Amino acid sequence: MEPTKFDIQFSAIRRAVIERVFSRMNDRQKEAIFCTEGPLLVLAGAGSGKTSVLIHRIINILRFGKGYDSPYATPNTGMEDLAFLANYLEDPKPEHEARAMQLCAVEPVKPWNIVAITFTNKAAQELQNRLTNAVGEADASAIWAHTFHTCCLRILRRDIERLGYSSTFTIYDEDDKKRVITDLVRKLRLDDKIFEPRKIMNEISRAKDNLITPRTFAVDQRGEFYMGRVAELYALYEKEMRANNALDFDDIILKTIQLLRENADILEHYQQKFRYVLVDEYQDTNHAQYVLTALLAGGYKNICVVGDDDQSIYKFRGATITNILEFEQQYENAHVVRLEQNYRSTDTILNAANGLIRNNQNRKGKELWTDRTGGSKIRLHRSDTQENEAEYIVRQILEGVERGRKWNEFAVLYRNNVLSNAVETAFRRQSIPYRIYKGRDFFSRAEIRDMFAYLWVIENPSDTLRLKRIINVPARKIGARSIEIAEEIAAQEGVPLFEVVRRADTYSELGRGAAAMMRFAQMIEELRELRTEVSLSEFYEDMLDVTGYQESLENKGDTESRSRLENIMELKSNIVSYEEQSEAPSLSEFLEEMALYTDADKQDENDETVLLMTMHAAKGLEFPVVFLCGMEDGVFPGFRAEENDEDLEEERRLCYVAVTRAKQELYLTCAERRLMYGQTRYAHPSRFLREIPEELLDSNCSATPRMNDMDTPSVGGVNPSYRKPSGLAGGTAPAALFAAGDCVVHRAFGEGMVTSVKAMGGDQLLEIAFTQKGTKRLMAKSAAQFMQKR
DNA sequence: AATCCGGTTCTTTTT
DNA sequence: GAACCGGATT
């Protein structure tokens, strides 16, 4: 069918109306939004409005479908509709909007035909929230906007039985996984120095990422001493996981692929369902994830991937930058859109980022730009020691606060976690409120893991790993030897350990341990019963009681136990809020959600504290002021990366990610010597610093290392590589002495009164009640620079 | 079963 | 320097 003249006329005016809807987007963004059919690669630079593009692209698909590009008119459209739209374009009255939108919708898409896959819960949450705001709760919740793992679990939940697992399957995290591997290494009597569980885990993970089954792995590694054994371990691991009815994070993806590949009907179902597939952070996908997305998008081939090859920083976790670099080969006639306009940072920061990343060979090539010029120079500061580096950061923050910034406008980023120590010490000394942004801190506490172990065992009787964790916690007189015997029986009979424990009295080998085991099993079964009768939160309370866990902590009564009790109660509030949020709360759904949850997900953005985190953790975040500390060769880039170009490029990308977190001010700090791994090391400023155009820097040192710069911090030399910070005379300033009752003025905390003074190692620990900011503890010497008596 | 000691190791870690 | 693990000790 040829488009008629009317069609063409109508089509043009429709485009204009649609363009108006997305008028806040730039041309490149619109290109991505309107390209709905076929494979699309969006190369989205840092801060280029990637999430907005994803959202608006979904909105466009929902409202207009192919409307933008279709040369045809909507069926049953007449001349009067054309006039109506023309009129609406001239004068868009809100009351005409609904009809105008309806006329423009050539082939609107149902929300359940769209899947948008992200990596983090946070990103998925943000998508969901913004979609809800834009298209309403009903439509938004029908869209699958989830992480890879949540998507896969939704698929598995329906059909995992086809793979021979029961639907009450358990999810093992990295620690659980390590436990299983360690036990296996021991069982095989292998040397765990050579067969390091962490290494084995990694090998198995990589194999799974690449969809290599234990069988293929064994064939590939036949005759190899080390890898041959790894193959054996892989096979045993797989067997063990099946026996426990458990999946690890890799399995969640892998088993989904297997399910889809082996069951044409299921594949067909999802390929029909997902007419539009969107994938975020594509540069961080591994091979399995690539295969998964290809399978899901296999029906309509409408796959849109968004990513930035320059921000690929998870190679060590199996991400292959190849996926994004070769998208155009993998998907013929793929359309490519580059988003290079940055809405986040000053052009100083962007030029630094561009200068840096230009040194990478293996990339698609992008230059970030902004139409807002200006911005203060990047401050490069070299200190003599890590303590003074931290002091410098403290000073800058306090000065910033004095000028009116809030604590949460600052972030301190570092390459590895140890670097946070010096900064933390300095922060504590000056009572700077801070928080460390870290993954699963809460969930890795022993007491929390215990609670989850109980819950998983109640849900999944085959979960032997968790059963072993809690069978004797609190102490129930079930010794290690009894458990071992019971495990042997279980292995012989081919039943889960719990089954043996439940019928312990039928095995004479168990001797005196049998009674205690029976009691334990009865308790668990009682709890299973109870679970069906009361709400989840009530059940949790009862569980704390019935298991005696709470009591045993209360009986100890030390500080440690009290904090454990607090954590256990904290978990209760997690349960309560889950119950409020879920439509049909269930134990299995709760456990599943929690297995994929991290502490970072509940981070409160309005929390008024300085944030400390690794550069990796900072990806996707932004802050007005950013400090990058430990900018030294050997630290960043790390000494491991100095040898090989590929690793060095990954480190450079990490640096690029870190730099582009800053919106207004960027500080780069390094120290001449640093205490690391028990010895003081001397280091040159990071080579990355030299890659930043010099005119963007305001520095107290030269980024170019001089031959002897580490032994002679030559003050007043021709080209001093390091100068002592002016003003603060290397910490030797005479400490102003304070006494209780003194009134003081602090530059960041305002007026206050010293309420107590304690002598501490030639210094004083002051407690000061500030009129505005409450009571703080400060060390007198360091505080003196920001505070005066009055 | 709990605690102490000594040897070892030391990127990063969205789920 | 610190944290973690395993073995020995009580």
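To find a chain, count down the sequence lines: A is the first, B the second, and so on, and within it residues start at 1. Keep in mind it's a predicted model, so treat the numbers as computed, not measured.
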Assign each of A/His616 and A/Ile478 the nucleotide of DNA chain B bearing its closest heavy atom; nearer the 5' end lies the nucleotide of A/Ile478
Would you mind classifying the nucleic acid contact of A/Gly678 as base, sugar-phosphate or nothing, using non-hydrogen atoms under 4.0 angstrom? base
Could you tell me how far apart A/Phe639 (CZ) and B/dT9 (C1') are, to the nearest whole angstrom? 11 Å
Tell me: CD1 of A/Ile313 to C1' of B/dT14, nearest whole Å? 9 Å
Presence of A/Thr614 side-chain N/O under 4.0 Å of B/dT13 phosphate oxygens OP1/OP2: yes
OP1 or OP2 of B/dT15 versus the side-chain N and O atoms of A/Asn121: is any pair under 4.0 Å? yes
Taking 4.0 angstrom as the limit, do A/Glu650 and A/Lys315 come out as a salt bridge? no
Base, sugar-phosphate, or nothing for A/Arg653, non-hydrogen atoms under 4.0 angstrom? nothing
Separation of B/dT14 P from A/Asp209 CG (nearest whole Å): 15 Å
When the C1' atoms of C/dA3 and B/dT14 are considered, how many whole Å apart are they? 25 Å
Interatomic distance, A/Met594 CE vs B/dT15 C1' [rounded to whole Å]: 14 Å
Separation of A/Lys178 atom NZ from C/dC4 atom P, in whole Å? 10 Å
Considering just the side-chain nitrogens and oxygens of A/Asn421, establish if one lies under 4.0 Å of OP1 or OP2 belonging to C/dA2. no
Would you mind classifying the nucleic acid contact of A/Ile171 as base, sugar-phosphate or nothing, using non-hydrogen atoms under 4.0 angstrom? nothing
Examine the side chains of A/Tyr234 and A/Glu203 and answer whether a donor and an acceptor come within less than 3.5 Å of each other. no
So, A/Tyr237 and A/Asp248: side-chain donor and acceptor under 3.5 Å apart, yes or no? yes
Compare side-chain N and O positions of A/Asn417 against OP1 and OP2 of B/dT13 and report whether any pair is under 4.0 Å apart. yes
Checking all strands, does A/Tyr314 fall into the base, sugar-phosphate, or nothing category for heavy-atom contacts under 4.0 angstrom? base
Which part of the nucleic acid, if any, lies within contact of A/Gln283, taking any heavy atom under 4.0 Å across all strands shown: a base, the sugar-phosphate backbone alone, or nothing? nothing
When rounded to whole Å, the CG to P distance for the pair A/Asp248 and B/dT13 reads 20 Å
Less than 4.0 angstrom from a charged side-chain N to a carboxylate O is my criterion; do A/Arg179 and A/Asp175 meet it? no
So, is A/Arg198 close to the B/dT9 phosphate, meaning a side-chain N or O under 4.0 Å from OP1 or OP2? no
So which one's nearest nucleotide on DNA chain B is more toward 5', A/Phe316 or A/Lys477? A/Lys477
Compare the aromatic ring of A/Tyr677 with the six-membered base ring of B/dC10 and state whether they stack according to the 5.5 Å and 30° rule. no
Would you say B/dT15 has OP1 or OP2 under 4.0 Å from some side-chain N or O of A/Thr120? no
Rounded to whole angstrom, note down the C1' distance from B/dT12 over to C/dC5. 23 Å
Quiz item: A/Arg317 side-chain donor-acceptor pair to B/dT15 base, under 3.5 Å: yes
OP1 or OP2 of B/dA1 less than 4.0 angstrom from a side-chain nitrogen or oxygen of A/Asn472, does that happen here? yes
Do other residues, nucleotides or ligands put more than 12 heavy atoms under 6.0 Å from the CD atom of A/Glu646? no
Spacing between A/Gln125 atom CD and B/dT15 atom P, to the nearest angstrom: 12 Å
Could you tell me the separation between the NE2 atom of A/His146 and the C1' atom of B/dT14, rounded to a whole number of Å? 17 Å
From the options B/dT15, B/dT12, C/dG6, select the nucleotide whose nearest atom is closest to the side chain of A/Arg186. C/dG6
Could A/Glu424 and A/Arg428 be called an ion pair, given the rule that one side-chain N must be under 4.0 Å from one carboxylate O? yes
Between the side chains of A/Lys50 and A/Glu281, is the shortest nitrogen-to-carboxylate-oxygen separation below 4.0 Å, so that they form an ion pair? yes
